[in-house]
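Atoms within each ligand, like the ligands themselves, are counted from 1 in listed order. Position 1 is the first residue of the sequence; numbering continues from there.
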Amino acid sequence: MKKVIVTGGAGFIGSHTCVELVAAGMEPVIVDDLRNSEERVLRGLAGILGKEPRLYRIDCADDTAFDQVVRQETPDGVIHFAADKAVGESVSDPLKYYGNNIGSLVTVLRVMARHGVKNIVFSSSCTVYGDSRDLPVTENSPVLEAASPYGYTKMVCERMLRDTSVSDPALKAVLLRYFNPIGAHPSAAIGELPIGTPNNLVPFITQAAAGLRDKLTVFGSDYSTPDGSCIRDYIHVVDLAKAHVRALGWMAEQQAPLCETFNLGTGNGNSVLQVVNLFEEVNGVKVPYVIGPRRAGDVEAMYADTQKSATVLGWRTERSLADSLRDAWRWQQALAGDQK
Ligand code: UD1
């Protein structure tokens with residue numbers, strides 16, 4: 001596996017994955033229309049890589065445009081990150097999610113088939129496990145009713161890949177179920193760039209600590225968890241990015257047909273309040289917060305069983321939650337430095 005098209009490569013996880021692909025001797029080709037990203041990430045990537053990443057500024061759901069890229073680049077595989085991911089927005093604008101998240105995968109698979117590209121890695125989510133009470137979740141845990149249109153698009157996309165790998169026995173697909181990716185590259189040259197008010201916990205924490213937000217609201221303190229706040233499996237984005245490189249390497253060694261699912265998490269659950277407290281401790285800053293009501297659609301607790309990723313892919317996380325929170329803060333400070 002040498003040349004890989006990375007849809008959504010200017011995004012949070014995509015950009016970190018490009019860094020790790022280059023470090024592993026591969027050549028990422030980014031396909032991203034930058035609708036949910038900024039030139040800053042590309043500049044940061046160029047700084048880390050020592051050269052401009054190759055970028056096609058097009059929508060991968062545009063069949064004609066994506067076809068041209070694949071024809072020109074003749075990649076060995078595709079990592080498909082490009083998607084919308086705001087759970088709340090998916091409730092208020094479901095058609096945006098059905099159209100973009102499902103439509104883009106249909107196009108990507110059609111174009112790949114047209115040009116004989118047989119390897120795809122897909123960004124899925126632990127959201128497919130729904131409100132599982134059987135923790136930690138393994139890849140064999142049941143896929144439960146999706147709480148949001150966003151979650152449902154991930155279920156449909158997984159199913160689409162499974163069906164396509166049946167209809168095309170030469171296709172190899174790896175479905176990566178991410179838990180909660182956080183942190184940033186230790187260089188602070190790239191990181192998460194939420195547009196507008198962050199929905200996710202850690203960007204909200206860093207912005208509240210930086211004084212850009214009044215205070216964090218902790219969504220619920222009456223869950224059946226030790227401190228009453230929700231539990232998640234927070235994984236450093238660099239560890240997550242490295243898993244994609246491992247997945248490509250492993251795929252290359254397998255015979256088609258292949259459609260395999262992996263959990264990408266640390267295996268540890270941490271509560272919202274633990275994250276806030278550890279952030280304050282490792283960074284020496286205060287996070288103003290209040291306890292608020294539960295957020296609709298949140299599950300009480302979710303964390304991964306990581307045994308399959310460890311034994312099959314030979315991958316496990318190397319960075320701690322403290323590392324993640326330190327890197328997230330360093331990135332927030334780099335952003336603040338920009339604005340001065
Ligand atoms: C959700 C999705 C996940 C998806 C991700 C993408 C579910 C169950 N999870 O993750 O699949 O990939 O969004 O964005 O659908 N919190 C606060 N205050 C805040 C923000 C968050 O207390 O201002 C809490 C939440 O209640 C939650 C935790 O922090 O307990 C993490 O929230 P978040 O970062 O939004 O991620 P998830 O909801 O776990």
Side-chain angles (χ1 to χ4, degrees), residues 8 11-14 36 81-91 94 97 101 122-133 135 137 141 143-155 157-158 175-183 192-209 212-235 237 240 263-266 269-279 287-304 321 324-325 328:
F12 175 43
I13 307 171
N36 207 9
F81 290 106
D84 290 307
K85 61 145 211 168
V87 174
E89 184 191 44
S90 80
V91 175
Y97 281 71
N101 292 8
F122 175 69
S123 300
S124 190
S125 165
C126 67
T127 195
V128 301
Y129 297 118
D131 196 4
S132 175
R133 291 295 149 133
L135 295 171
V137 285
S141 296
V143 165
L144 298 181
E145 179 72 23
S148 69
Y150 159 78
Y152 192 60
T153 66
K154 292 296 174 190
M155 285 170 61
C157 288
E158 287 201 357
L175 283 53
L176 301 178
R177 290 178 178 162
Y178 308 153
F179 284 68
N180 287 60
I182 59 164
E192 195 166 3
L193 264 185
I195 293 175
T197 309
N199 296 303
N200 295 114
L201 177 64
V202 171
F204 206 109
I205 288 179
T206 62
Q207 291 194 8
L212 301 172
R213 306 274 157 206
D214 215 19
K215 45 178 122 40
L216 169 78
T217 301
V218 174
F219 295 140
S221 61
D222 57 350
Y223 288 98
S224 305
T225 58
D227 64 24
S229 62
C230 292
I231 289 177
R232 295 287 183 275
D233 184 339
Y234 296 94
I235 173 173
V237 65
L240 190 73
N263 280 346
L264 297 184
T266 65
N270 285 96
S271 74
V272 176
L273 290 170
Q274 279 176 324
V275 172
V276 171
N277 291 334
L278 187 61
F279 184 91
V287 179
Y289 73 87
V290 288
I291 306 285
R294 293 182 176 198
R295 179 172 70 175
D298 268 340
V299 301
E300 180 169 282
M302 178 54 61
Y303 50 96
L321 180 58
S324 300
L325 297 177

Can you name the side-chain contact (heavy atoms from CB on, under 4.5 Å) partners of Asn199, sequence neighbours left out?
Ala86
Identify, with sequence neighbours excluded, every residue that meets side chain to side chain donor-acceptor pair (under 3.5 Å) alongside Ser324.
none
Using a 4.0 Å cut-off on heavy atoms, what residues surround ligand 1? Order them by chain and number.
Lys85, Val87, Ser125, Thr127, Tyr150, Asn180, Asn199, Asn200, Leu201, Leu216, Thr217, Val218, Phe219, Cys230, Arg232, Tyr234, Val272, Arg295, Asp298
I need the Phe204 CZ to Tyr289 OH distance, nearest 0.5 Å.
14.5 Å
Could you grab the distance from atom CG of Asn180 to atom CG of Leu264, nearest 0.5 Å is fine?
12.5 Å
Salt bridge (charged side-chain N to carboxylate O under 4.0 Å, His left out) partners of residues 212-224, not counting sequence neighbours, each pair once:
Asp222-Arg294
Any side-chain heavy-atom pair from Arg177 and Glu158 closer than 4.5 angstrom?
yes
